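All remarks here apply to the structure that follows.
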Number of protein chains: 2
Amino acid sequence: MKSEKKQGRPRAFDAKTVIGRAREVFWDKGFSAASLDTLSAATKLNRPSLYGAFGDKEELYLDALEDYREDSMDVLSEALDPALPLRENLASVYARALKIYLHGDTAARGCFLISTATAEAIQHARIREVLGRSLNDFDDAIKERMELAVERGELPTDADPATLARLASAVMHSLAVRARAGDTRETLEALARSGVDLICGRK
Amino acid sequence: MKSEKKQGRPRAFDAKTVIGRAREVFWDKGFSAASLDTLSAATKLNRPSLYGAFGDKEELYLDALEDYREDSMDVLSEALDPALPLRENLASVYARALKIYLHGDTAARGCFLISTATAEAIQHARIREVLGRSLNDFDDAIKERMELAVERGELPTDADPATLARLASAVMHSLAVRARAGDTRETLEALARSGVDLICGRK
DNA sequence: CATATTTTATACCGTTTCGCATAAAAATCT
DNA sequence: AGATTTTTATGCGAAACGGTATAAAATATG
């Protein structure tokens, strides 16, 4: 019969935590340059445990990507609070993004997806798929807010929500790349502001 | 005394050609995943020859980055022909970029710099420097054309050339990422058009 | 308490990695 | 022609790589 606890020796780790630690390694080094030794050390799991729980290196990386994607969507929907004006929403999206992108020990890490998944996208179809899907989901979430903005009159009636959403994302992609390239916070914040102005109209 | 030809056995290869072939490998696989065996095969040079001529793998990669940067700047300045209207210039920049980004055997390769250098930017300071410098040079070239546009009245007098240039670049960064993520040509061309509209004003 | 099941720990395996040592080959210089 | 210089070719070698075999440890089941 079934029992609550499953049989056998219990795991001495939390899968979510382990994926988070692995994500840090992948974020700094990229997929290819991250060795299983490093991942094993960072997660405090032996390699056999890593394999038993997550499969091979690519699957662990895909889990980390998926985890990041979910976190990002959560942050995005927080930022797009419909109780606030569109302009504030968009500014909040960029501010929250920059907070993440500018974090890092040796240098600003940028966006985990854009900075590391792009490099592998040609050779690993599954990584390319996650990357593409993530970008689209992001666009779609912003698009919904843009549609609401058109309904409410925050944007002109002839504005195309899908197009504006992709442009809003474009600014964020640029913030991601530039952060990792070493741009200063000031430069990036200025780009964010001008992006808001361009899309929402100058204040 | 000195002679035109230098002493010793002459090289059986052209350095520029070799860097170009290496660039193809790095572009598809990224820096870390590109092995010296693969590079040696693609360039048809033995590893000792590669080392003698270019140094280690990172230096060869930096040469490839620099080569790409120069090519890109050439393409950019062709596209920004001041004899043509700003709108056509910008459309041309994006069209030429997409032509490059959408090329590839198994999948669209995107931008060599953005797709592969970002991944290494944290661990390799020199790569980060080249990446940052390249993005800035690109912005600056567009900025110059924007300044001319303000002088000529193609843009309103209160338009800020530096800001507009960074936004124009932002759209291109997004094209680069999205191309590598598997977006269709149509989607990317639509983004390019809306970018032109947003920056130059809707036609 | 014995058995079954799952996770952990150690150690290992074959392969690939980067980089170089060594020597042959091809040119110029004296 | 012989010496010198530089490039090419072969192949090595130590280290790191991803992945796994094996056995001990820790739990649930009967």
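Chain A is the first sequence line, chain B the second, and so forth, proteins listed ahead of strands; every chain is numbered from 1. Keep in mind the model is a prediction, meaning the values are calculated, not measured.
Taking atom CD on A:Gln7 and atom C1' on D:dG30, their separation rounds to 10 Å, with Å as the unit. Going from atom CZ of B:Arg11 over to atom C1' of C:dA27 covers 14 Å, rounded to whole Å. Rounded to whole Å, the distance from CG on B:Leu45 to P on D:dA9 is 8 Å. Note: OH (B:Tyr51) to P (C:dA21) measures 12 Å, nearest angstrom. Whole-Å rounding puts the A:Phe54 CZ to C:dT7 C1' distance at 13 Å. Spacing between atom CG of A:Asn46 and atom P of C:dT10 amounts to 7 Å, rounded to whole angstrom units.
In this structure, the nucleotide among D:dG18, C:dC20, C:dA9 sitting nearest to the side chain of B:Arg47 is C:dC20.
Axis deviation across the helix from C:dC1-D:dG30 to C:dT30-D:dA1 amounts to 0°, comparing end segments of five pairs, rounded to 10 degrees.
Each side-chain hydrogen bond (donor to acceptor under 3.5 Å, both in side chains) pair with one or both residues in residues 169-182 of chain B, not counting sequence neighbours, appears once here: A:Asp139-B:Arg178, A:His173-B:Ser174, A:Ser174-B:His173, B:Asp139-B:Ser169, B:Ser174-B:Arg178. Sorted by first and then second residue, the ring-ring contact (aromatic ring centres under 6.0 Å, His included) pairs involving residues 121-140 of chain A (not counting sequence neighbours) are A:Phe31-A:His124. Pairs of residues two or more places apart, or lying in two chains, that qualify as side-chain hydrogen bond (donor to acceptor under 3.5 Å, both in side chains) and include a residue from residues 158-168 of chain A are A:Asp160-A:Thr163. Listed by first and then second residue, the side-chain hydrogen bond (donor to acceptor under 3.5 Å, both in side chains) pairs involving residues 55-65 of chain A are A:Tyr61-A:Thr116 (not counting sequence neighbours).
The neighbour count for B:Asp105 CG, taken as heavy atoms of other residues, nucleotides or ligands under 6.0 Å away, does not exceed 12.
Salt-bridge check for A:Glu120 with A:Arg128: failed, with every basic side-chain N at 4.0 Å or more from each acidic carboxylate O. For the pair B:Arg145 and B:Asp81, the salt-bridge criterion is not met [side-chain N within less than 4.0 Å of a carboxylate O]. Using a cut-off of 4.0 Å between Lys/Arg side-chain N and Asp/Glu carboxylate O, B:Arg126 and B:Glu129 are scored as not salt-bridged. Look at A:Arg152 and A:Glu147 and you find no salt bridge, because none of the NZ, NE, NH1 or NH2 atoms lies under 4.0 Å from a carboxylate O. Ion pair A:Glu154/A:Arg87 not flagged as a salt bridge, since none of the NZ, NE, NH1 or NH2 atoms sits closer than 4.0 Å to an Asp/Glu carboxylate oxygen.
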Between the protein and nucleotides 21-26 of chain D, which nitrogen or oxygen pairs come in under 3.5 angstrom?
unit_1	atom_1	unit_2	atom_2	d
D:dA25	N3	A:Arg9	NH1	3.2
D:dA26	O4'	A:Arg9	NE	3.4

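The backbone N or O of A:Glu88 lies less than 3.5 Å from no partner atom in the side chain of A:Ser92, so there is not a single donor-acceptor pair.
Residues forming a side-chain contact (heavy atoms from CB on, under 4.5 Å) with B:Ala22 (at least two apart in sequence, or on another chain): B:Phe26, B:Leu39, B:Thr43, B:Leu60. Applying the side-chain contact (heavy atoms from CB on, under 4.5 Å) test to B:Asp14 and every residue at least two apart in sequence or in another chain returns B:Lys16, B:Thr17. A:Arg109 is linked by a salt bridge (Lys or Arg N to Asp or Glu O under 4.0 Å) to A:Glu24, counting only residues two or more places apart in sequence or in another chain.
Taking a 4.0 Å limit (strictly below) on heavy-atom distances, residues 16-24 of chain B does not reach DNA chain C anywhere. Using a 4.0 Å cutoff on non-hydrogen atoms, no part of residues 59-66 of chain B comes near DNA chain C. Of the residues in residues 25-38 of chain A, those placing a heavy atom less than 4.0 Å from an atom of DNA chain D are A:Ala34, A:Ser35, A:Leu36, A:Asp37, in numerical order.
At a threshold of 4.0 angstrom between heavy atoms, the contacts of B:Ala12 are confined to the sugar-phosphate backbone, with no base atom among them.
Side chains of A:Leu76 and A:Asp137 form no contact here, defined as non-hydrogen atoms less than 4.5 Å apart.
Here the OG atom belonging to A:Ser35 is positioned 6.5 Å from the NZ atom belonging to A:Lys29, to the nearest 0.5 angstrom.
Within the 4.0 Å cut-off from OP1 or OP2 of D:dT8, at least one side-chain nitrogen or oxygen of B:Ser49 is found.
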